[in-house]
Asks: 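Quick one: structure below, then a few questions.
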Amino acid sequence: MSDPVKLIEPRTLKGFRDYLPELMIPREWMLEQARRVYRSYGFAPIDTPALEYAEILLGKGGEESDKQIYRFRDSGDRDIALRFDLTIPFARFAAQYIGELGTPFKRYHMGPVWRGENIQRGRYREFWQCDFDTIGTTSNAADIEVSLVIHDLMRGLNLDRFVIHVNNRLVLNGLLEELGLAGHTAPLLRALDKLPKIGRDGVLAEMAANTGVAAAQADRLLALAQTSGSNQDILARLKSDFGTNPKAADGIRRLEELLAAATKAGIPDGMIVLDLSIARGLDYYTGTVYETFLTDMPKIGSVCSGGRYDNLAGLYTKQHLPGVGASLGLDRLLAALEELKLLKGTATPAPVFIVQFTAERIGDYQRMARVLRAAGIGAEVFPDAKKLGQQFQYAEKRGHKIALIAGPDDFAAGTWNVKDLAKREEKKGVPDAEVAAFVRSLLPV
RNA sequence: GUGGGUGUAGCUCAGUUGGUUAGAGCUCCAGAUUGUGGAUCUGGCUGUCGCCGGUUCGAGUCCGGUCAUCCACCCCA
């Protein structure tokens, strides 16, 4: 006996995941839906490299995101980094090609991004984003369209229990300006955001500690943020309190128009809500901001977020390239759907399973499989002539919908037995030429 | 990066004040059932008790470290 081979433990990096068929089938389906919805609005596909020069990516999203960027030296000693999101590479891309693309330009981009942060449920170090953006226009029509795309995207993914939260940085900035707090925007908004967790007094304490603002100012800010009620109620309150500030007025107008247009376009009431606490997002957002939460799992975080950035490509070109867009967090949403048990659990993309009753007839089984495939129906022939029970168990485990069975007697008669695996109902004696049509009638449209 | 919980078979877990050959259910495999799968019965496989070290006559059990995972902070998809 030789020494046992030292086995390498099979494992994946922290925060990186493998996808088995049960998860990859719905994941691919989600990508198809996102692609379909984006294309239906005229967004065109692009792709960019996973690796960029570090200088392209660093310093664009804020200090926190810089810390999370995977950065290396390649073998040519170049300072390179894995992309942190798809928006920054798009800014570089747009600056490079806008001359031939022309404006406005609408693109979608789906691919993996990497963030070296601590992992949590729905939070990974490698995950896919599905971005769509319109650049080259400041028109509010583009902002409005983003909310429609998010809605259609979620509906396209068979979800109806979600809420799109919108806000506008102009409103927040104008509001802080009006209060004379413009210099403390970031810490104030961060404190404000904790309202549900640490309460009114906690927020006031944090504001005082981090910014030294007067209690009266902080109080006024808090009072506004706590305004509850319908979108109309909040808009009215904003207008009366801060409508005289030019920035705030512009933001309020854009939000009001967005909400009205969305309703007019057919988005159901309650699916888009004005939420003044949606203040965060990356540093480059300047206008409308969006976050989408699942009603049944809000704690997993936003599954589709974005906003308007009026100067994104400014670091790479002197041409002014405003834009607005959002990003579907594919893997976070998948994790949520998995936990909510909304995934079907199919492990095969082929609905039809053909039993190998007898090895001598393998040619006939493969012929029928090809007939079905030609009819657009995926079909798989079992590789071994095992006992029928075992083959059925395999087919059931994999999630095949239909089984075809034919033995010597059936071949003599020129017929097949077609079995609905879920219902356990079998139609015997289906003529060879009619099998495809019959199978089609059993499958969902 | 900080704080806390958890790590025993493929999965979910039990394991009594540290004591000898570490268990259950489910799954899986085979058979009862050589033209038909969710039930039942019979038999069977599976563990460096996350890893490393320490205390001890003796550690799955106690201690330290480490890794992984979950939760909170932070940030975000």
Asks: Quick one: ring pair (Phe, Tyr, Trp, His ring centres under 6.0 Å) partners of Phe357(A), sequence neighbours excluded?
Replies: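 Checked Phe357(A) against ring pair (Phe, Tyr, Trp, His ring centres under 6.0 Å); zero matches.
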
Asks: Nearest of rA77(B), rG35(B), rG37(B) to any side-chain atom of Phe392(A)?
Replies: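 Given the options rA77(B), rG35(B), rG37(B), the side chain of Phe392(A) is closest to rG37(B).
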
Asks: Not counting sequence neighbours, which residues clear side-chain contact (heavy atoms from CB on, under 4.5 Å) with Thr292(A)? List them please.
Replies: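 So Thr292(A) forms a side-chain contact (heavy atoms from CB on, under 4.5 Å) with Ile150(A), Met154(A), Phe162(A), Ile164(A), Val303(A), Cys304(A).
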
Asks: Can you find a donor-acceptor N/O pair under 3.5 angstrom joining the side chain of Gln391(A) to the base of rU36(B)?
Replies: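 By the distance-only test, no, there is no pair.
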
Asks: Does anything in residues 401-437 of chain A pair up under ring pair (Phe, Tyr, Trp, His ring centres under 6.0 Å), and if so which pairs, sequence neighbours excluded?
Replies: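 Checked against ring pair (Phe, Tyr, Trp, His ring centres under 6.0 Å) - neighbours excluded - the pairs reaching residues 401-437 of chain A are Tyr365(A)-Phe411(A), Phe411(A)-Trp416(A).
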
Asks: Given rA77(B), rC71(B), rU36(B), identify the nucleotide with an atom nearest to the side chain of Gln120(A).
Replies: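 When the side chain of Gln120(A) is considered, rC71(B) is the closest of rA77(B), rC71(B), rU36(B).
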
Asks: Check every strand shown and say whether Arg121(A) touches a base, only sugar-phosphate, or nothing at a heavy-atom separation below 4.0 Å.
Replies: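 Sugar-phosphate only.
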
Asks: Using atom C1' in both nucleotides, what's the gap between rU8(B) and rU55(B) to the nearest angstrom?
Replies: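 The answer is 22 Å between these two C1' atoms.
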
Asks: What contact category does Tyr124(A) fall into here, base, sugar-phosphate, or nothing, at under 4.0 angstrom with non-hydrogen atoms?
Replies: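 Answer is base: heavy atoms of Tyr124(A) come under 4.0 Å of a base.
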
Asks: Mind listing the residues from residues 13-39 of chain A sitting with a heavy atom below 4.0 Å of RNA chain B? Number order is fine.
Replies: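 Result for residues 13-39 of chain A: Lys14(A), Gly15(A), sorted by number.
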
Asks: Taking the same atom, P, in rU12(B) and in rU69(B), what whole-Å distance lies between them?
Replies: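 Taking atom P in both rU12(B) and rU69(B), they lie 15 Å apart.
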
Asks: Hey, does Gly389(A) reach any base, or is it just sugar-phosphate, or nothing, if we go heavy atoms under 4.0 Å?
Replies: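 The answer is sugar-phosphate, as Gly389(A) gets under 4.0 Å only of primed atoms, P, OP1 or OP2.
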
Asks: Starting at the 5' end of RNA chain B, which residue's closest nucleotide do you reach first, Thr292(A) or Asp410(A)?
Replies: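 Comparing both residues, the 5'-ward one is Asp410(A).
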
Asks: Look at the side chain of Ile119(A) and decide which nucleotide, out of rC76(B), rG37(B), rU69(B), has an atom nearest to it.
Replies: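 Within the option list, the nearest is rU69(B).
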
Asks: Under 4.0 angstrom, heavy atoms only, what part of the nucleic acid is Ala422(A) near: base, sugar-phosphate, or nothing?
Replies: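 Base, at least one base heavy atom under 4.0 Å.
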
Asks: Ignoring hydrogens and angles, are the base of rU2(B) and the side chain of Asn118(A) linked by a donor-acceptor pair under 3.5 Å?
Replies: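 Checked by distance alone, the answer is yes.
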
Asks: How many whole angstroms separate atom NZ of Lys67(A) from atom P of rC74(B)?
Replies: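 It works out to 13 Å between those atoms.
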
Asks: Using the P atom on both, measure rU21(B) against rC73(B) and round to a whole Å.
Replies: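 47 Å, rounded to whole Å.
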
Asks: Nearest to the side chain of Ile405(A), which nucleotide is it out of rG37(B), rA77(B), rG35(B)?
Replies: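 So the side chain of Ile405(A) is nearest to rG35(B).
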
Asks: With a 4.5 Å heavy-atom cut-off, do Leu442(A) and Lys401(A) have their side chains touching?
Replies: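 Leu442(A) vs Lys401(A): side chains apart.
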
Asks: Does Phe90(A) have Arg107(A) sitting over its ring (NZ/CZ under 6.0 Å from centre, angle to axis within 45°)?
Replies: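 Verdict for Phe90(A): a cation-pi partner in Arg107(A).
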
Asks: Using a 4.5 Å cut-off on heavy atoms from C-beta on, say whether the side chain of Arg367(A) contacts that of Asp432(A).
Replies: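 The answer is yes, as the side chains (C-beta and beyond) meet within the 4.5 Å cut-off.
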
Asks: Please give the stem ranges for RNA chain B, sorted by first residue number, where a stem is three or more consecutive Watson-Crick or G-U pairs and both donor-acceptor distances are under 3.5 Å.
Replies: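 RNA chain B stems, ordered by first number: B:1-7 with B:67-73, B:10-13 with B:23-26, B:28-32 with B:40-44, B:50-54 with B:62-66.
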
Asks: Between C1' on rU36(B) and CG on Leu404(A), what's the gap in Å once rounded to a whole number?
Replies: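 In whole Å, rU36(B) C1' lies 13 Å from Leu404(A) CG.
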
Asks: Tell me which of Pro408(A) and Arg424(A) sits closer to the 5' end of RNA chain B, going by the nucleotide each one is nearest to.
Replies: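 Result of the comparison: Pro408(A).
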
Asks: Run the side-chain hydrogen bond (donor to acceptor under 3.5 Å, both in side chains) check on Tyr108(A) and Arg39(A) step by step: do they pass?
Replies: CA-CA 8 Å; Tyr108(A) 72 89; Arg39(A) 293 174 78 109; 3.1 Å; yes

Asks: Under 3.5 Å, which donor-acceptor pairs link side chains of residues 384-391 of chain A to any protein atom two or more places apart or in another chain?
Replies:
{"residue": "Gln391(A)", "atom": "OE1", "partner": "Gln356(A)", "partner atom": "N", "Å": "2.9"}
{"residue": "Gln391(A)", "atom": "NE2", "partner": "Gln356(A)", "partner atom": "O", "Å": "3.0"}
{"residue": "Gln391(A)", "atom": "NE2", "partner": "Lys386(A)", "partner atom": "O", "Å": "2.8"}

Asks: Looking at Arg254(A), is its backbone amide N or carbonyl O close enough to the side chain of Asn140(A) to form a donor-acceptor pair, meaning the two atoms are under 3.5 Å apart?
Replies: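 Between the backbone of Arg254(A) and the side chain of Asn140(A) there is a qualifying donor-acceptor contact (under 3.5 Å).
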
Asks: State which of rA77(B), rG38(B), rU36(B) makes the closest approach to the side chain of Glu396(A).
Replies: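 Shortest atom-to-atom distance from the side chain points to rG38(B).
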
Asks: What distance, rounded to whole Å, do you find between the two P atoms, one in rG64(B) and one in rU46(B)?
Replies: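 So the two P atoms sit 36 Å from each other.
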
Asks: Sequence neighbours left out, what passes side-chain contact (heavy atoms from CB on, under 4.5 Å) with Lys427(A)? Give chain and number order.
Replies: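 side-chain contact (heavy atoms from CB on, under 4.5 Å) list for Lys427(A), sorted by chain: Val430(A), Phe438(A).
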
Asks: Can you tell me how far P of rC70(B) sits from CD of Glu339(A), to the nearest Å?
Replies: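 Spelled out: CD on Glu339(A) to P on rC70(B) is 10 Å.
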
Asks: What residues from residues 327-337 of chain A pass a heavy-atom cutoff of under 4.0 Å to RNA chain B?
Replies: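 Of all residues in residues 327-337 of chain A, the ones placing a heavy atom under 4.0 Å from RNA chain B are Arg332(A).
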
Asks: The criterion is ring pair (Phe, Tyr, Trp, His ring centres under 6.0 Å); which residues satisfy it with Phe293(A), sequence neighbours excluded?
Replies: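 Per chain and number, Phe293(A) pairs via ring pair (Phe, Tyr, Trp, His ring centres under 6.0 Å) with His165(A).
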
Asks: With sequence neighbours left out, write down each residue that passes side-chain contact (heavy atoms from CB on, under 4.5 Å) with Pro298(A), or none if nothing qualifies.
Replies: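 So Pro298(A) forms no side-chain contact (heavy atoms from CB on, under 4.5 Å) with any residue.
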
Asks: If I take atom CE in residue Met297(A) and atom P in nucleotide rC71(B), what distance separates them, rounded to the nearest angstrom?
Replies: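 Atom CE in Met297(A) sits about 10 Å away from atom P in rC71(B).
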
Asks: Determine if Phe357(A) stacks with rG35(B); use a centre-to-centre distance below 5.5 Å and an interplanar angle below 30° as the criteria.
Replies: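 Not stacked: fails the 5.5 Å / 30° test.
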
Asks: Taking the C1' atom of each, how far is rU17(B) from rC13(B), in whole Å?
Replies: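 The same atom, C1', in both gives a distance of 23 Å.
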
Asks: With rounding to whole Å, what would you report as the distance between rU16(B) and rC63(B) at their P atoms?
Replies: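 These two P atoms come out 14 Å apart once rounded.
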
Asks: Look for any protein N or O under 3.5 Å of an N or O in nucleotides 28-32 of chain B and output each such pair with its distance, or none.
Replies:
{"residue": "rA30(B)", "atom": "OP1", "partner": "Gln390(A)", "partner atom": "NE2", "Å": "2.9"}
{"residue": "rA30(B)", "atom": "OP2", "partner": "Gln390(A)", "partner atom": "NE2", "Å": "3.3"}

Asks: Whole-Å distance between rA77(B) C1' and Glu126(A) CD?
Replies: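 Value for this atom pair: 14 Å.
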
Asks: Could you tell me which non-hydrogen atom of Leu333(A) sits nearest to which non-hydrogen atom of Leu159(A), and how far apart they are?
Replies: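 That closest heavy-atom pairing would be CD1-CD1, 3.9 Å.
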
Asks: P atom, rG47(B) versus rG23(B): distance in rounded Å?
Replies: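 That atom pair is separated by 13 Å.
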
Asks: Which whole number of Å gives the distance between the C1' atom of rC26(B) and that of rA14(B)?
Replies: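 My reading of the C1' atoms in rC26(B) and rA14(B) gives 15 Å.
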
Asks: Grab the CG-C1' distance between Leu153(A) and rA77(B) for me, whole Å please.
Replies: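 Distance check: Leu153(A) CG to rA77(B) C1' gives 13 Å.
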
Asks: Would Glu177(A) and Lys247(A) count as a salt bridge (charged side-chain N to carboxylate O under 4.0 Å, His left out) if you check the C-alpha gap in whole Å, the side-chain angles of each, and the deciding distance to 0.1 Å?
Replies: CA-CA 9 Å; Glu177(A) 203 174 77; Lys247(A) 274 189 192 168; 3.1 Å; yes

Asks: Do any side-chain nitrogens or oxygens of Lys299(A) fall under 4.0 Å of OP1 or OP2 in rA72(B)?
Replies: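 True: Lys299(A) side-chain N/O within range (under 4.0 Å) of rA72(B) OP1/OP2.
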
Asks: Tell whether Lys419(A) reaches the base of rG37(B) with its side chain through a donor-acceptor pair below 3.5 angstrom.
Replies: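 Result: at least one qualifying N/O pair found.
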
Asks: Can you name the residues that form a side-chain contact (heavy atoms from CB on, under 4.5 Å) with Thr137(A), not counting sequence neighbours?
Replies: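 In terms of side-chain contact (heavy atoms from CB on, under 4.5 Å), with neighbours along the sequence ignored, Thr137(A) is linked to Pro104(A), Thr134(A), Ser139(A), Ala142(A).
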
Asks: Going by atom types alone, do Arg370(A) and Gln366(A) pair a side-chain donor with an acceptor below 3.5 Å?
Replies: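 There is no such pair between these side chains.
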
Asks: Check whether Phe84(A) forms a cation-pi arrangement with Arg115(A) (NZ or CZ under 6.0 Å from the six-membered ring centre, at most 45° off the ring normal).
Replies: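 Cation-pi check for Arg115(A) and Phe84(A): passes.
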
